[in-house]
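Residue numbers start from 1 in every chain, and the chains themselves are labelled A, B, ... in the order their sequence lines are given, proteins ahead of strands.
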2 protein chains.
Amino acid sequence: MRGEAVKVTVDVVIFSIRDGALQVLLVRRRYEPFAGAWAIPGGFVLPDEDLEQAALRELREETGVEHVYLEQLYSFGDPKRDPRGRVITVAYFALVSADRALQAGTDAADARWFAMSELPELAFDHGRILEYSLERLRNKLEYTSVGFQLLPEKFTLSELQQVYEVILGKRLDKRNFRRKIALLKVVAPLREFRRQGVSRPARLFRFTAARFEKLKDKGILFPF
Amino acid sequence: MRGEAVKVTVDVVIFSIRDGALQVLLVRRRYEPFAGAWAIPGGFVLPDEDLEQAALRELREETGVEHVYLEQLYSFGDPKRDPRGRVITVAYFALVSADRALQAGTDAADARWFAMSELPELAFDHGRILEYSLERLRNKLEYTSVGFQLLPEKFTLSELQQVYEVILGKRLDKRNFRRKIALLKVVAPLREFRRQGVSRPARLFRFTAARFEKLKDKGILFPF
DNA sequence: ACAAAAGTGTTCGATATACACCCATGT
DNA sequence: ACATGGGTGTATATCGAACACTTTTGT
(Lines give C-alpha, C1' and ligand atoms only; values in the text may rest on other atoms or scores of the structure.)
Protein backbone atom coordinates (compact mmCIF):
# COMPACT_ATOMS: atom_id res chain seq x y z
CA MET A 1 0.00 0.00 0.00
CA ARG A 2 1.70 3.15 -1.20
CA GLY A 3 0.78 6.67 -0.21
CA GLU A 4 2.28 9.08 2.25
CA ALA A 5 0.92 9.23 5.77
CA VAL A 6 -0.42 12.52 7.07
CA LYS A 7 -1.67 13.67 10.44
CA VAL A 8 -5.38 13.93 10.98
CA THR A 9 -7.15 15.92 13.67
CA VAL A 10 -10.77 16.46 14.57
CA ASP A 11 -11.96 19.93 15.53
CA VAL A 12 -15.30 20.33 17.26
CA VAL A 13 -17.24 23.56 16.94
CA ILE A 14 -19.37 23.66 20.09
CA PHE A 15 -22.39 25.94 19.88
CA SER A 16 -24.65 27.07 22.69
CA ILE A 17 -27.18 29.82 23.21
CA ARG A 18 -26.00 31.97 26.11
CA ASP A 19 -27.03 35.46 27.16
CA GLY A 20 -29.37 35.69 24.22
CA ALA A 21 -26.64 35.09 21.65
CA LEU A 22 -25.23 32.18 19.69
CA GLN A 23 -21.91 31.42 21.33
CA VAL A 24 -19.02 29.10 20.54
CA LEU A 25 -16.49 27.54 22.88
CA LEU A 26 -12.86 28.36 22.05
CA VAL A 27 -9.58 27.44 23.71
CA ARG A 28 -6.51 29.60 23.99
CA ARG A 29 -3.36 28.13 22.46
CA ARG A 30 -0.34 27.96 24.74
CA TYR A 31 2.29 27.00 22.22
CA GLU A 32 3.46 28.04 18.80
CA PRO A 33 2.21 28.30 16.18
CA PHE A 34 -0.49 30.84 17.00
CA ALA A 35 0.43 30.89 20.72
CA GLY A 36 -2.06 33.12 22.52
CA ALA A 37 -4.60 32.96 19.71
CA TRP A 38 -7.97 31.28 20.18
CA ALA A 39 -8.80 28.02 18.47
CA ILE A 40 -11.58 25.51 18.02
CA PRO A 41 -11.10 22.64 20.47
CA GLY A 42 -9.68 19.55 18.81
CA GLY A 43 -6.91 17.03 18.71
CA PHE A 44 -5.37 14.14 16.87
CA VAL A 45 -7.36 11.11 15.90
CA LEU A 46 -6.09 8.08 17.83
CA PRO A 47 -4.95 5.00 15.92
CA ASP A 48 -7.98 2.86 16.74
CA GLU A 49 -10.64 5.48 16.89
CA ASP A 50 -13.44 6.28 14.48
CA LEU A 51 -13.67 9.95 13.51
CA GLU A 52 -16.94 10.42 15.37
CA GLN A 53 -15.51 8.72 18.45
CA ALA A 54 -12.59 11.14 18.35
CA ALA A 55 -14.98 14.07 18.11
CA LEU A 56 -17.04 12.75 21.03
CA ARG A 57 -13.87 12.33 23.06
CA GLU A 58 -12.77 15.89 22.39
CA LEU A 59 -16.22 17.11 23.29
CA ARG A 60 -16.18 15.18 26.55
CA GLU A 61 -12.69 16.36 27.44
CA GLU A 62 -13.57 19.96 26.76
CA THR A 63 -17.05 20.23 28.20
CA GLY A 64 -17.77 17.06 30.14
CA VAL A 65 -21.00 16.57 28.22
CA GLU A 66 -22.15 13.45 26.42
CA HIS A 67 -25.18 12.48 24.36
CA VAL A 68 -25.39 15.80 22.56
CA TYR A 69 -26.10 16.52 18.93
CA LEU A 70 -22.93 16.01 16.91
CA GLU A 71 -22.58 16.18 13.15
CA GLN A 72 -19.65 15.99 10.77
CA LEU A 73 -19.22 19.34 9.05
CA TYR A 74 -16.43 19.23 6.51
CA SER A 75 -12.80 18.19 6.07
CA PHE A 76 -10.19 20.85 5.54
CA GLY A 77 -6.96 19.82 3.87
CA ASP A 78 -5.10 22.81 2.50
CA PRO A 79 -1.44 21.68 2.66
CA LYS A 80 -0.50 25.05 4.15
CA ARG A 81 -3.21 25.28 6.79
CA ASP A 82 -0.78 24.23 9.54
CA PRO A 83 2.69 25.81 9.30
CA ARG A 84 4.26 22.78 11.03
CA GLY A 85 3.38 20.41 8.23
CA ARG A 86 0.61 18.49 6.64
CA VAL A 87 -2.41 18.21 8.92
CA ILE A 88 -5.87 17.42 7.62
CA THR A 89 -8.72 18.20 9.98
CA VAL A 90 -12.20 16.76 10.04
CA ALA A 91 -14.47 19.39 11.54
CA TYR A 92 -17.59 18.52 13.53
CA PHE A 93 -20.17 20.72 15.10
CA ALA A 94 -22.01 20.08 18.34
CA LEU A 95 -25.10 21.68 19.85
CA VAL A 96 -25.20 21.90 23.62
CA SER A 97 -28.00 23.37 25.69
CA ALA A 98 -27.01 26.21 27.97
CA ASP A 99 -27.84 24.27 31.15
CA ARG A 100 -25.54 21.41 30.23
CA ALA A 101 -22.77 23.65 28.96
CA LEU A 102 -22.31 25.41 32.29
CA GLN A 103 -19.35 23.25 33.24
CA ALA A 104 -17.44 24.12 30.11
CA GLY A 105 -14.95 26.93 30.03
CA THR A 106 -15.45 27.84 33.66
CA ASP A 107 -12.48 26.29 35.42
CA ALA A 108 -9.73 27.47 33.13
CA ALA A 109 -8.59 30.76 31.71
CA ASP A 110 -7.79 28.86 28.54
CA ALA A 111 -11.37 28.06 27.49
CA ARG A 112 -14.06 30.65 26.96
CA TRP A 113 -17.39 31.20 25.25
CA PHE A 114 -17.51 33.83 22.52
CA ALA A 115 -20.54 35.28 20.80
CA MET A 116 -20.37 34.49 17.08
CA SER A 117 -20.71 38.23 16.49
CA GLU A 118 -17.62 39.04 18.59
CA LEU A 119 -15.01 36.50 17.62
CA PRO A 120 -11.35 37.03 18.54
CA GLU A 121 -8.36 36.41 16.29
CA LEU A 122 -8.36 32.74 15.43
CA ALA A 123 -5.57 30.24 14.82
CA PHE A 124 -5.08 28.31 11.57
CA ASP A 125 -8.08 28.35 9.24
CA HIS A 126 -10.46 28.27 12.17
CA GLY A 127 -12.19 31.47 11.10
CA ARG A 128 -13.27 29.79 7.92
CA ILE A 129 -14.40 26.70 9.81
CA LEU A 130 -16.61 28.79 12.09
CA GLU A 131 -18.03 30.66 9.13
CA TYR A 132 -18.97 27.42 7.46
CA SER A 133 -20.38 25.99 10.71
CA LEU A 134 -22.74 28.91 11.08
CA GLU A 135 -23.89 28.59 7.50
CA ARG A 136 -24.60 24.90 8.00
CA LEU A 137 -26.38 25.48 11.28
CA ARG A 138 -28.63 28.09 9.69
CA ASN A 139 -29.49 25.74 6.86
CA LYS A 140 -30.14 22.80 9.16
CA LEU A 141 -32.36 24.91 11.34
CA GLU A 142 -34.75 25.38 8.47
CA TYR A 143 -35.25 21.80 7.44
CA THR A 144 -34.62 19.81 10.59
CA SER A 145 -35.40 20.18 14.26
CA VAL A 146 -31.82 20.62 15.48
CA GLY A 147 -32.94 23.85 17.14
CA PHE A 148 -34.34 21.85 20.05
CA GLN A 149 -30.86 20.54 20.82
CA LEU A 150 -29.91 23.99 22.07
CA LEU A 151 -32.65 24.01 24.70
CA PRO A 152 -33.01 22.21 28.03
CA GLU A 153 -35.58 19.45 28.31
CA LYS A 154 -38.26 21.88 29.44
CA PHE A 155 -38.51 25.21 27.69
CA THR A 156 -40.95 28.01 26.95
CA LEU A 157 -42.12 28.85 23.46
CA SER A 158 -40.41 32.22 23.75
CA GLU A 159 -37.12 30.48 24.41
CA LEU A 160 -37.66 28.28 21.38
CA GLN A 161 -38.42 31.32 19.27
CA GLN A 162 -35.29 33.02 20.57
CA VAL A 163 -33.17 30.10 19.35
CA TYR A 164 -34.46 30.64 15.84
CA GLU A 165 -34.15 34.41 15.99
CA VAL A 166 -30.61 34.39 17.34
CA ILE A 167 -29.32 31.90 14.80
CA LEU A 168 -31.14 33.25 11.79
CA GLY A 169 -30.41 36.81 12.81
CA LYS A 170 -33.92 38.12 12.30
CA ARG A 171 -37.10 38.72 14.27
CA LEU A 172 -40.01 36.34 13.81
CA ASP A 173 -43.69 36.96 14.36
CA LYS A 174 -44.82 35.35 17.60
CA ARG A 175 -48.25 34.28 16.39
CA ASN A 176 -47.00 32.78 13.13
CA PHE A 177 -44.15 31.04 14.92
CA ARG A 178 -46.46 29.44 17.45
CA ARG A 179 -48.98 28.35 14.87
CA LYS A 180 -46.28 26.62 12.88
CA ILE A 181 -44.82 24.86 15.90
CA ALA A 182 -48.28 23.68 16.91
CA LEU A 183 -48.96 22.44 13.39
CA LEU A 184 -45.74 20.41 13.37
CA LYS A 185 -46.77 18.62 16.56
CA VAL A 186 -43.21 18.39 17.83
CA VAL A 187 -43.82 19.91 21.26
CA ALA A 188 -46.17 18.93 24.07
CA PRO A 189 -47.36 21.32 26.76
CA LEU A 190 -46.51 20.48 30.37
CA ARG A 191 -48.53 21.32 33.44
CA GLU A 192 -45.67 23.48 34.63
CA PHE A 193 -44.94 27.16 34.32
CA ARG A 194 -41.86 29.29 34.74
CA ARG A 195 -41.79 32.73 36.30
CA GLN A 196 -39.43 34.97 34.36
CA GLY A 197 -39.20 37.63 37.05
CA VAL A 198 -41.87 40.28 36.93
CA SER A 199 -44.34 39.13 34.30
CA ARG A 200 -46.88 36.45 33.63
CA PRO A 201 -45.46 32.91 34.01
CA ALA A 202 -44.83 31.05 30.74
CA ARG A 203 -45.96 27.52 30.09
CA LEU A 204 -43.22 24.92 29.69
CA PHE A 205 -43.09 22.48 26.80
CA ARG A 206 -41.03 19.48 25.89
CA PHE A 207 -39.80 18.21 22.55
CA THR A 208 -41.76 15.13 21.47
CA ALA A 209 -40.13 13.86 18.27
CA ALA A 210 -38.26 10.72 19.23
CA ARG A 211 -35.50 11.42 16.75
CA PHE A 212 -34.96 14.74 15.07
CA GLU A 213 -33.70 13.17 11.86
CA LYS A 214 -37.00 11.47 11.22
CA LEU A 215 -38.69 14.77 10.54
CA LYS A 216 -37.03 15.28 7.22
CA ASP A 217 -38.16 11.87 6.00
CA LYS A 218 -41.70 12.87 6.78
CA GLY A 219 -41.29 16.06 4.82
CA ILE A 220 -41.76 18.12 7.96
CA LEU A 221 -39.87 21.37 7.77
CA PHE A 222 -39.24 24.42 9.91
CA PRO A 223 -39.45 26.99 7.20
CA PHE A 224 -38.97 30.25 9.05
CA MET B 1 3.55 17.99 17.21
CA ARG B 2 2.41 14.65 18.51
CA GLY B 3 -0.18 12.41 16.91
CA GLU B 4 0.09 9.32 14.79
CA ALA B 5 0.13 9.67 11.05
CA VAL B 6 -2.52 7.87 9.03
CA LYS B 7 -3.09 7.41 5.33
CA VAL B 8 -5.70 9.54 3.63
CA THR B 9 -7.38 8.85 0.30
CA VAL B 10 -9.99 10.65 -1.74
CA ASP B 11 -12.74 8.68 -3.42
CA VAL B 12 -14.82 10.31 -6.14
CA VAL B 13 -18.34 9.14 -6.81
CA ILE B 14 -18.93 10.06 -10.45
CA PHE B 15 -22.58 10.31 -11.45
CA SER B 16 -24.02 10.59 -14.91
CA ILE B 17 -27.40 10.04 -16.52
CA ARG B 18 -27.06 7.33 -19.15
CA ASP B 19 -29.70 5.22 -20.87
CA GLY B 20 -32.39 6.90 -18.84
CA ALA B 21 -30.88 5.88 -15.51
CA LEU B 22 -28.64 7.40 -12.89
CA GLN B 23 -25.30 5.68 -13.32
CA VAL B 24 -22.03 5.68 -11.41
CA LEU B 25 -18.52 4.96 -12.66
CA LEU B 26 -16.76 2.12 -10.85
CA VAL B 27 -13.34 0.50 -11.30
CA ARG B 28 -12.46 -3.14 -10.86
CA ARG B 29 -9.80 -3.86 -8.26
CA ARG B 30 -6.84 -5.95 -9.49
CA TYR B 31 -5.19 -6.63 -6.18
CA GLU B 32 -6.08 -7.74 -2.70
CA PRO B 33 -7.95 -6.83 -0.65
CA PHE B 34 -11.21 -7.16 -2.55
CA ALA B 35 -9.45 -8.18 -5.78
CA GLY B 36 -12.07 -8.49 -8.52
CA ALA B 37 -14.62 -6.41 -6.64
CA TRP B 38 -15.76 -3.04 -7.93
CA ALA B 39 -14.78 0.17 -6.18
CA ILE B 40 -15.27 3.91 -6.30
CA PRO B 41 -12.33 5.49 -8.14
CA GLY B 42 -9.88 7.12 -5.76
CA GLY B 43 -6.35 7.24 -4.50
CA PHE B 44 -3.97 8.69 -1.96
CA VAL B 45 -3.75 12.39 -1.31
CA LEU B 46 -0.33 13.63 -2.40
CA PRO B 47 1.87 15.46 0.12
CA ASP B 48 1.37 18.94 -1.33
CA GLU B 49 -2.14 18.63 -2.60
CA ASP B 50 -5.36 20.09 -1.28
CA LEU B 51 -8.19 17.58 -0.87
CA GLU B 52 -10.20 19.10 -3.68
CA GLN B 53 -7.16 19.11 -5.95
CA ALA B 54 -6.69 15.43 -5.24
CA ALA B 55 -10.32 14.75 -6.09
CA LEU B 56 -10.02 16.74 -9.33
CA ARG B 57 -6.89 14.79 -10.23
CA GLU B 58 -8.61 11.45 -9.65
CA LEU B 59 -11.54 12.64 -11.73
CA ARG B 60 -9.27 13.69 -14.57
CA GLU B 61 -7.28 10.45 -14.46
CA GLU B 62 -10.41 8.38 -14.51
CA THR B 63 -12.59 10.23 -16.99
CA GLY B 64 -10.46 12.88 -18.68
CA VAL B 65 -13.03 15.54 -17.80
CA GLU B 66 -12.41 18.86 -16.08
CA HIS B 67 -14.54 21.77 -14.96
CA VAL B 68 -17.37 19.63 -13.71
CA TYR B 69 -19.45 19.94 -10.59
CA LEU B 70 -17.52 18.51 -7.63
CA GLU B 71 -18.54 18.60 -4.00
CA GLN B 72 -17.09 17.14 -0.84
CA LEU B 73 -19.47 14.52 0.51
CA TYR B 74 -18.24 13.11 3.81
CA SER B 75 -15.16 11.64 5.46
CA PHE B 76 -15.20 8.00 6.46
CA GLY B 77 -12.78 6.91 9.15
CA ASP B 78 -13.81 3.59 10.66
CA PRO B 79 -10.46 2.09 11.78
CA LYS B 80 -11.49 -1.25 10.27
CA ARG B 81 -12.72 0.01 6.92
CA ASP B 82 -9.49 -1.07 5.19
CA PRO B 83 -8.15 -4.47 6.30
CA ARG B 84 -4.57 -3.37 5.50
CA GLY B 85 -4.55 -0.68 8.16
CA ARG B 86 -5.76 2.75 9.04
CA VAL B 87 -6.99 4.63 5.99
CA ILE B 88 -9.32 7.58 6.22
CA THR B 89 -11.09 8.55 3.03
CA VAL B 90 -12.58 11.87 2.07
CA ALA B 91 -15.40 11.15 -0.36
CA TYR B 92 -16.42 13.58 -3.10
CA PHE B 93 -19.15 13.37 -5.65
CA ALA B 94 -19.04 14.68 -9.18
CA LEU B 95 -21.77 15.27 -11.76
CA VAL B 96 -20.83 14.74 -15.37
CA SER B 97 -23.09 15.20 -18.35
CA ALA B 98 -23.52 12.14 -20.55
CA ASP B 99 -21.92 13.79 -23.59
CA ARG B 100 -18.73 14.57 -21.67
CA ALA B 101 -18.58 11.24 -19.89
CA LEU B 102 -18.37 9.20 -23.08
CA GLN B 103 -14.61 8.84 -22.83
CA ALA B 104 -14.73 7.29 -19.39
CA GLY B 105 -14.81 3.60 -18.89
CA THR B 106 -14.61 2.79 -22.57
CA ASP B 107 -10.99 1.80 -23.14
CA ALA B 108 -10.56 -0.59 -20.26
CA ALA B 109 -12.31 -3.61 -18.92
CA ASP B 110 -11.50 -2.29 -15.46
CA ALA B 111 -13.83 0.74 -15.48
CA ARG B 112 -17.56 0.57 -16.13
CA TRP B 113 -20.77 2.49 -15.61
CA PHE B 114 -23.38 0.88 -13.37
CA ALA B 115 -26.97 1.92 -12.86
CA MET B 116 -27.50 2.82 -9.21
CA SER B 117 -30.31 0.28 -9.19
CA GLU B 118 -28.00 -2.55 -10.32
CA LEU B 119 -24.84 -2.19 -8.29
CA PRO B 120 -22.31 -5.06 -8.10
CA GLU B 121 -20.51 -6.26 -4.98
CA LEU B 122 -18.44 -3.35 -3.72
CA ALA B 123 -15.06 -3.17 -1.99
CA PHE B 124 -14.48 -1.65 1.45
CA ASP B 125 -17.35 0.52 2.72
CA HIS B 126 -18.06 1.77 -0.78
CA GLY B 127 -21.64 0.56 -0.67
CA ARG B 128 -22.32 2.91 2.20
CA ILE B 129 -20.56 5.74 0.43
CA LEU B 130 -22.73 5.31 -2.65
CA GLU B 131 -25.85 5.14 -0.52
CA TYR B 132 -24.96 8.40 1.16
CA SER B 133 -24.03 10.01 -2.17
CA LEU B 134 -27.44 9.26 -3.58
CA GLU B 135 -29.16 10.66 -0.53
CA ARG B 136 -27.13 13.84 -0.79
CA LEU B 137 -27.74 14.17 -4.51
CA ARG B 138 -31.48 13.83 -3.98
CA ASN B 139 -31.47 16.48 -1.30
CA LYS B 140 -29.32 18.87 -3.31
CA LEU B 141 -31.57 18.45 -6.30
CA GLU B 142 -34.44 19.95 -4.37
CA TYR B 143 -32.83 23.10 -3.11
CA THR B 144 -30.11 23.86 -5.67
CA SER B 145 -29.76 23.67 -9.41
CA VAL B 146 -27.16 20.88 -9.54
CA GLY B 147 -29.50 18.99 -11.82
CA PHE B 148 -28.32 21.05 -14.77
CA GLN B 149 -24.79 19.72 -14.28
CA LEU B 150 -25.96 16.36 -15.59
CA LEU B 151 -27.11 17.82 -18.91
CA PRO B 152 -25.19 19.03 -21.96
CA GLU B 153 -25.15 22.75 -22.69
CA LYS B 154 -28.25 22.50 -24.85
CA PHE B 155 -31.10 20.35 -23.65
CA THR B 156 -34.84 19.88 -24.01
CA LEU B 157 -37.26 20.38 -21.15
CA SER B 158 -38.15 16.70 -21.32
CA GLU B 159 -34.51 15.82 -20.76
CA LEU B 160 -34.39 18.16 -17.77
CA GLN B 161 -37.50 16.59 -16.36
CA GLN B 162 -36.00 13.15 -16.86
CA VAL B 163 -33.00 14.14 -14.72
CA TYR B 164 -35.33 14.93 -11.86
CA GLU B 165 -37.47 11.86 -12.36
CA VAL B 166 -34.55 9.46 -12.56
CA ILE B 167 -32.82 10.80 -9.47
CA LEU B 168 -35.88 11.28 -7.32
CA GLY B 169 -37.33 7.97 -8.48
CA LYS B 170 -40.81 9.29 -9.24
CA ARG B 171 -42.83 10.67 -12.12
CA LEU B 172 -43.47 14.40 -12.27
CA ASP B 173 -46.31 16.25 -13.92
CA LYS B 174 -45.12 17.86 -17.14
CA ARG B 175 -47.21 21.00 -16.85
CA ASN B 176 -46.33 21.67 -13.22
CA PHE B 177 -42.68 20.99 -13.92
CA ARG B 178 -42.52 23.41 -16.82
CA ARG B 179 -44.39 26.14 -15.00
CA LYS B 180 -41.95 25.93 -12.10
CA ILE B 181 -38.90 25.99 -14.34
CA ALA B 182 -40.28 28.98 -16.20
CA LEU B 183 -41.01 30.77 -12.93
CA LEU B 184 -37.46 30.23 -11.70
CA LYS B 185 -36.06 31.89 -14.82
CA VAL B 186 -33.01 29.65 -14.94
CA VAL B 187 -33.39 28.50 -18.54
CA ALA B 188 -33.55 30.44 -21.79
CA PRO B 189 -35.14 29.09 -24.99
CA LEU B 190 -32.90 28.77 -28.03
CA ARG B 191 -33.95 29.09 -31.67
CA GLU B 192 -32.96 25.48 -32.18
CA PHE B 193 -34.90 22.27 -32.08
CA ARG B 194 -33.98 18.63 -31.79
CA ARG B 195 -35.68 15.80 -33.66
CA GLN B 196 -36.00 12.78 -31.37
CA GLY B 197 -36.81 10.36 -34.17
CA VAL B 198 -40.42 10.08 -35.12
CA SER B 199 -42.20 12.82 -33.23
CA ARG B 200 -42.49 16.58 -33.02
CA PRO B 201 -39.10 18.29 -32.55
CA ALA B 202 -38.41 19.68 -29.08
CA ARG B 203 -37.13 23.15 -28.42
CA LEU B 204 -33.64 23.37 -26.93
CA PHE B 205 -32.85 25.47 -23.86
CA ARG B 206 -29.72 26.50 -22.04
CA PHE B 207 -29.07 27.05 -18.35
CA THR B 208 -28.80 30.75 -17.59
CA ALA B 209 -27.77 31.05 -13.93
CA ALA B 210 -24.12 32.06 -13.97
CA ARG B 211 -23.40 30.06 -10.85
CA PHE B 212 -25.69 27.41 -9.47
CA GLU B 213 -24.73 28.14 -5.87
CA LYS B 214 -26.12 31.63 -6.04
CA LEU B 215 -29.63 30.29 -6.28
CA LYS B 216 -29.83 29.20 -2.70
CA ASP B 217 -28.80 32.65 -1.50
CA LYS B 218 -31.68 34.12 -3.45
CA GLY B 219 -34.07 31.66 -1.88
CA ILE B 220 -34.72 30.03 -5.20
CA LEU B 221 -35.62 26.39 -4.82
CA PHE B 222 -36.47 23.43 -6.98
CA PRO B 223 -39.11 21.91 -4.80
CA PHE B 224 -40.28 18.92 -6.78
C1' DA C 1 -54.34 8.09 -40.67
C1' DC C 2 -51.83 7.07 -36.90
C1' DA C 3 -48.10 6.76 -33.59
C1' DA C 4 -45.13 9.42 -30.59
C1' DA C 5 -43.51 12.97 -27.99
C1' DA C 6 -44.14 18.28 -27.51
C1' DG C 7 -46.60 21.74 -25.74
C1' DT C 8 -50.12 24.33 -23.04
C1' DG C 9 -54.21 26.53 -18.36
C1' DT C 10 -57.35 26.24 -14.75
C1' DT C 11 -59.17 24.98 -10.32
C1' DC C 12 -58.57 23.99 -5.48
C1' DG C 13 -56.52 23.34 -1.16
C1' DA C 14 -52.63 24.32 1.85
C1' DT C 15 -49.40 27.22 3.59
C1' DA C 16 -46.92 31.75 4.44
C1' DT C 17 -47.41 36.44 5.79
C1' DA C 18 -49.11 40.58 7.77
C1' DC C 19 -51.11 42.50 11.53
C1' DA C 20 -53.08 44.25 17.26
C1' DC C 21 -54.98 43.48 21.40
C1' DC C 22 -56.00 41.26 26.07
C1' DC C 23 -53.96 38.43 30.12
C1' DA C 24 -51.48 37.22 34.39
C1' DT C 25 -48.14 38.54 37.48
C1' DG C 26 -44.85 41.41 40.58
C1' DT C 27 -43.78 45.83 42.22
C1' DA D 1 -51.81 51.44 38.43
C1' DC D 2 -48.38 50.13 35.56
C1' DA D 3 -44.65 47.62 33.54
C1' DT D 4 -43.34 43.17 31.66
C1' DG D 5 -43.51 39.37 28.86
C1' DG D 6 -47.36 35.64 27.78
C1' DG D 7 -50.83 34.41 24.98
C1' DT D 8 -54.32 34.44 21.09
C1' DG D 9 -57.23 34.88 15.56
C1' DT D 10 -58.32 36.57 10.94
C1' DA D 11 -57.77 38.02 6.25
C1' DT D 12 -54.96 37.80 1.99
C1' DA D 13 -51.56 36.27 -1.13
C1' DT D 14 -48.73 32.70 -2.82
C1' DC D 15 -47.59 28.21 -3.99
C1' DG D 16 -48.12 23.22 -4.86
C1' DA D 17 -51.06 19.47 -6.68
C1' DA D 18 -54.35 17.47 -9.60
C1' DC D 19 -55.92 17.06 -14.03
C1' DA D 20 -56.62 16.34 -20.43
C1' DC D 21 -56.40 17.81 -24.76
C1' DT D 22 -54.21 19.84 -29.09
C1' DT D 23 -49.92 20.22 -32.02
C1' DT D 24 -46.18 18.78 -34.86
C1' DT D 25 -43.67 15.55 -37.10
C1' DG D 26 -42.24 10.88 -39.49
C1' DT D 27 -43.92 6.70 -41.33
Side-chain angles (χ1 to χ4, degrees), chain A residues 17 19-20 141-143 145 147 151 154-166 168 170-206 215-216 218-224, chain B residues 17 19-20 138 141-143 145 147 151 154-166 168-206 215-216 218-224:
Chain A
I17 306 272
D19 306 325
L141 203 63
E142 301 190 9
Y143 64 90
S145 55
L151 291 173
K154 300 174 181 181
F155 52 85
T156 69
L157 294 182
S158 293
E159 287 169 345
L160 180 59
Q161 185 174 341
Q162 190 194 223
V163 168
Y164 281 82
E165 289 183 337
V166 158
L168 298 178
K170 64 180 180 194
R171 300 298 315 263
L172 300 171
D173 181 88
K174 185 163 46 163
R175 288 159 294 185
N176 291 340
F177 182 85
R178 288 176 183 221
R179 176 162 359 95
K180 218 169 300 184
I181 294 293
L183 212 68
L184 294 171
K185 295 192 195 119
V186 286
V187 298
L190 302 175
R191 297 180 154 279
E192 295 174 64
F193 294 81
R194 173 182 302 153
R195 282 179 277 287
Q196 286 267 55
V198 68
S199 83
R200 173 175 176 176
R203 182 181 287 276
L204 292 174
F205 290 77
R206 65 183 175 80
L215 294 176
K216 199 177 67 180
K218 292 186 199 161
I220 301 178
L221 300 180
F222 291 77
F224 295 110
Chain B
I17 306 271
D19 305 326
R138 281 182 175 151
L141 204 62
E142 299 190 9
Y143 65 91
S145 55
L151 290 173
K154 300 173 181 182
F155 52 85
T156 69
L157 293 182
S158 292
E159 287 168 344
L160 180 59
Q161 182 173 345
Q162 190 195 225
V163 169
Y164 281 82
E165 290 182 339
V166 159
L168 298 178
K170 64 180 180 195
R171 299 298 314 262
L172 299 171
D173 181 87
K174 185 162 48 161
R175 288 160 294 183
N176 292 340
F177 183 85
R178 290 177 180 219
R179 176 161 0 93
K180 218 169 300 183
I181 292 293
L183 212 68
L184 294 171
K185 296 191 194 119
V186 287
V187 299
L190 301 174
R191 297 182 153 279
E192 295 174 65
F193 294 81
R194 174 181 303 153
R195 281 177 279 287
Q196 287 267 55
V198 70
S199 82
R200 175 174 174 175
R203 182 180 288 274
L204 292 174
F205 289 77
R206 64 181 175 81
L215 294 176
K216 198 176 69 181
K218 292 187 200 161
I220 301 179
L221 300 180
F222 290 78
F224 296 110

Atom-to-atom span, [atom1] of [X] to [atom2] of [N] - whole angstrom:
| X | N | atom1 | atom2 | answer |
| --- | --- | --- | --- | --- |
| A/Leu172 | C/dT17 | CG | P | 9 Å |
| B/Gln161 | C/dT8 | CD | P | 14 Å |
| A/Phe177 | D/dG7 | CZ | P | 13 Å |
| B/Arg171 | D/dC19 | CZ | P | 15 Å |
| B/Lys180 | C/dG9 | NZ | C1' | 16 Å |
| B/Arg203 | D/dT25 | CZ | P | 12 Å |
| A/Leu204 | D/dG7 | CG | C1' | 15 Å |

Under the side-chain hydrogen bond (donor to acceptor under 3.5 Å, both in side chains) test, residues paired with [X] that sit two or more places apart:
| X | value |
| --- | --- |
| B/Lys154 | B/Glu192 |
| A/Arg195 | none |
| B/Arg191 | none |
| A/Arg194 | A/Glu159 |

Only counting residues at least two apart or in another chain, list the ones meeting side-chain contact (heavy atoms from CB on, under 4.5 Å) with A/Ser158.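 Partners of A/Ser158 by the side-chain contact (heavy atoms from CB on, under 4.5 Å) criterion, ordered by chain and then number, come out as A/Thr156, A/Arg178.
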
Nucleotides 19-27 of chain C: protein proximity per nucleotide (B base, S sugar-phosphate only, - neither; heavy atom, under 4.0 Å): BB--BBBS-

Could you tell me whether the phosphate oxygens of C/dA5, OP1 or OP2, come under 4.0 Å of any side-chain nitrogen or oxygen in B/Ser158?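 No, B/Ser158 has no side-chain N/O under 4.0 Å of OP1/OP2 on C/dA5.
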
Just to confirm, is there a sub-4.0 Å distance from OP1 or OP2 of C/dG7 to any side-chain nitrogen or oxygen of B/Arg178?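 For C/dG7, OP1/OP2 do have a side-chain N/O of B/Arg178 under 4.0 Å.
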
Any side-chain heavy-atom pair from B/Arg138 and B/Leu168 closer than 4.5 angstrom?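 Yes. Closest side-chain heavy atoms under 4.5 Å.
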
Specify the residue among A/Leu183 and B/Phe205 whose closest nucleotide of DNA chain C lies further upstream toward the 5′ end.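 Comparing both residues, the 5'-ward one is B/Phe205.
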
